[in-house]
Amino acid sequence: MNAIRLFNVSKKIKGRVVLQNINLNLERGNIYGFAGHNGSGKTMLFRIISGLVKPSSGTVEVFGDVLHKDVSFPGDISVLLEKPGFLEQYSAFDNLKFLAMIKNKISDSDIVAAMERVKLNPMDKRPVKEYSLGMKQRLAIAQCIMEQPQLILLDEPMNGLDEEAVRHVYRIIKEENERGCTILLTSHNRLDIETLCDQVYSMNDGMIIDVTNIARDE
Amino acid sequence: MKYMFLEFKFIKRDMNKILLLCVVFPLFGTMICLKGGMFHSNSLTESMEFLFGSVNLSSANWMYWLLLCFGYVILFQLIWKKREKNVEHNVLILLQDTSLYYINRLAIGLFFTLLYVSSAFFIAIVSCIIFLGMSFRIHLSILLMFVCIVVNFYLHAVLLMFLKFYTTNHFANVFILTLFFAGVKMQAPFMPLYYGMIDHFRGYHVLLFVLLIEVLLMLFLGYIIVKKFENKDYF
């Protein structure tokens with residue numbers, strides 16, 4: 001079954017084409033990688049799939065709902081775009097609790113479990129502004145997984161992480177995928193993508209120029 | 001209510017400054033008026049009408065209004081401050097509804113307008129009672145002045161958000177300050193945007209008409225704001 005379908009999606013910003021005729025058909029339960037240099041359109045594609053940006057032309061369908069027609073945003077999604085952002089004056093736990101309050105479908109213990117999965121201390125009362133970039137990145141990943149969504153978009157999730165943390169995030173991504181979650185991720189590092197993904201889309205100048213299937217070691 | 005609570009969480013960091021503003025500007029203005037001997041009457045209602053009904057009675061009254069308006073514009077710099085974009089994006093995705101998010105922002109603005117104007121009235125009433133020995137008695141005209149000022153202030157706030165969307169922050173702030181400055185000075189306002197002050201509209205039918213137009217204008221601007229944000233791209 002399809003998780004995401006894009007039909008001839010293009011985006012123009014102030015006359016400049018940033019995405020051009022993107023057609024995608026992504027099945028549920030896979031991990032998809034998007035590779036390409038800065039400005040190739042990866043982040044813009046993620047913004048369009050998450051509903052934050054409207055395409056200039058074409059349609060986006062997520063879990064059968066046409067964005068900006070049936071729904072404004074996909075129903076069961078979490079995103080990490082570019083850099084993690086939080087309410088800096090609050091603790092990590094309070095930040096996650098603040099976001100969890102909106103849907104009100106998980107308990108405090110679920111938040112604690114998500115934080116422990118990314119090796120953050122839920123009892124840490126320090127405001128997030130005192131966290132390092134790596135800790136903020138891990139907190140953003142905790143936010144993405146805490147509600148166990150069906151679709152996760154991770155834009156450069158390994159930014160600011162040391163080698164051990166990267167391996168740990170690999171493990172989390174695989175675990176999330178094993179429970180049936182569809183994951184889309186971008187990375188500058190080809191190794192991240194080849195280690196994790198089932199299929200890799202290479203982008204350049206707002207277009208998909210190549211698709212590669214990767215046989216994963218089980 | 002849950003979503004209103006989220007709004008409070010967003011502005012919690014500035015809450016002390018917000019509350020301080022709600023007290024300092026009205027208090028300072030009231031002190032100027034007391035020092036300037038603006039209150040000649042022994043009646044609380046008449047004194048309140050002097051203070052809130054017009055600006056043409058004395059320079060102290062004019063100063064009071066300028067302070068009150070200036071404080072209000074600063075208040076909205078805090079309440080509707082630009083937010084960390086990734087947090088805002090996550091909230092929008094989780095809410096799945098941009099309209100709800102901006103209706104909440106507008107609602108929180110109305111709440112703090114009520115708080116600010118209530119604080120101004122409270123400080124003025126208490127000052128008159130304590131320093132001038134007036135007896136406490138609420139007259140209908142005091143309530144009417146309160147409603148007029150809340151509606152008029154909030155109309156300026158909605159216009160501020162509207163202008164921020166279409167122009168720049170800087171232009172919107174300067175424009176609203178200019179409107180306030182010009183508005184409080186006008187002897188005979190011909191546009192509803194300029195003060196629903198009770199002295200300008202002694203005939204209550206006219207006042208109610210002006211209030212109605214202000215409320216309709218406010219709803220119209222609010223609707224445009226919500227619709228515009230609905231169709232906006234969030235980069």
Side-chain angles (χ1 to χ4, degrees), chain A residues 11-14 18 43-44 46-56 62 65 67-68 70-90 94-106 127-129 136 139-140 143-144 146-147 149 151 153 155, chain B residues 1-20 77-108 165-168 222-235:
Chain A
K11 180 68 186 174
K12 267 187 189 174
I13 299 172
K14 292 177 184 167
V18 287
T43 303
M44 183 56 67
F46 276 24
R47 287 188 190 284
I48 283 181
I49 293 170
S50 64
L52 289 168
V53 170
K54 290 177 183 61
S56 306
V62 181
D65 291 323
L67 294 191
H68 314 296
D70 301 332
V71 290
S72 300
F73 298 95
D76 202 3
I77 185 178
S78 64
V79 296
L80 163 59
L81 288 173
E82 287 178 317
K83 64 180 179 68
F86 297 99
L87 298 173
E88 299 270 307
Q89 73 276 23
Y90 291 123
D94 285 346
N95 262 284
L96 296 191
K97 179 135 176 106
F98 167 71
L99 293 170
M101 262 171 47
I102 297 172
K103 283 194 171 170
N104 208 16
K105 68 178 211 187
I106 56 168
V128 167
K129 68 180 169 203
K136 284 182 185 173
L139 181 59
Q143 188 254 311
C144 283
M146 69 177 177
E147 292 186 327
L151 175 63
L153 309 186
D155 187 15
Chain B
M1 207 57 214
K2 181 175 82 179
Y3 301 126
M4 286 290 278
F5 184 67
L6 287 177
E7 279 295 314
F8 278 108
K9 277 262 183 189
F10 265 123
I11 55 173
K12 190 181 164 191
R13 181 172 48 172
D14 295 316
M15 199 55 95
N16 288 343
K17 288 181 214 161
I18 289 169
L19 295 177
L20 204 65
Q77 307 305 305
L78 297 173
I79 293 166
W80 286 343
K81 193 154 90 175
K82 210 168 165 37
R83 289 167 180 175
E84 211 293 318
K85 75 172 186 179
N86 284 328
V87 181
E88 189 168 67
H89 293 171
N90 272 324
V91 170
L92 286 173
I93 289 170
L94 288 165
L95 275 175
Q96 298 194 275
D97 190 347
T98 42
S99 311
L100 187 60
Y101 180 72
Y102 285 100
I103 288 169
N104 265 323
R105 291 202 82 174
L106 290 168
I108 208 85
F165 187 80
Y166 281 102
T167 62
T168 61
Y223 176 78
I224 292 179
I225 288 167
V226 170
K227 282 287 151 201
K228 274 287 164 196
F229 279 112
E230 226 173 70
N231 295 314
K232 183 181 174 250
D233 283 333
Y234 294 89
F235 294 112

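The structure displayed is predicted, hence computed values, not measured ones. Reminder, nothing fancy here: chain letters follow the sequence lines and each chain counts from 1.
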**OP:** Count the heavy-atom pairs under 4.5 Å between each of A:S72, A:P149, A:P74 and chain B, then report the option with the highest count.
**Re:** A:P74
**OP:** Name the option with the most non-hydrogen atom pairs under 4.5 Å to chain B; the candidates are A:M101, A:H68, A:M44.
**Re:** A:M101
Mind checking the [atom1]-[atom2] spacing from [X] to [Y]? Nearest 0.5 Å is all I need.
| X | Y | atom1 | atom2 | result |
| --- | --- | --- | --- | --- |
| B:I11 | B:K17 | CD1 | NZ | 12.0 Å |
| A:N95 | A:E88 | CG | CD | 8.0 Å |
| A:K11 | A:I48 | NZ | CD1 | 6.5 Å |
| B:L92 | B:T98 | CG | OG1 | 6.5 Å |
| A:K103 | A:I106 | NZ | CD1 | 10.5 Å |

Subject >> Over all atoms of both residues, closest heavy-atom pair of B:K9 and A:Y90 >> reply: O-OH, 2.6 Å
Original post:
Could you name the residues of residues 100-107 of chain B that have a heavy atom within less than 4.5 Å of a heavy atom in chain A?
Top reply: none
Taking only distance into account, with no hydrogens and no angle test, what donor-acceptor pairs under 3.5 Å do side-chain atoms of residues 78-87 of chain A form with protein atoms, sequence neighbours excluded?
unit_1, atom_1, unit_2, atom_2, d
A:S78, OG, A:C144, O, 2.7
A:E82, OE1, A:R47, NH2, 2.9

Original post:
Which of these, B:F8, B:F5, B:F10, sits in a ring-ring contact (aromatic ring centres under 6.0 Å, His included) with A:F98?
Top reply: B:F10
Original post:
Under 4.0 Å between a Lys/Arg side-chain N and an Asp/Glu carboxylate O for B:D14 and B:K81?
Top reply: yes
Original post:
Is the backbone N or O of A:A100 less than 3.5 Å from a side-chain atom of A:N104, with the two atoms forming a donor-acceptor pair by type?
Top reply: no
**OP:** Tell me, out of B:K85, B:R83, B:E88, B:K12, who's got the most heavy-atom pairs with chain A below 4.5 Å.
**Re:** B:K12
[X] versus chain A, heavy atoms under 4.5 Å apart: side chain, backbone, both or neither?
| X | value |
| --- | --- |
| B:Q96 | both |
| B:D97 | backbone |
| B:E230 | backbone |
| B:K232 | backbone |

Original post:
Which region of A:V53, side chain (C-beta onward) or backbone (N, CA, C, O), has a non-hydrogen atom less than 4.5 Å from a non-hydrogen atom of chain B, or is it both or neither?
Top reply: both
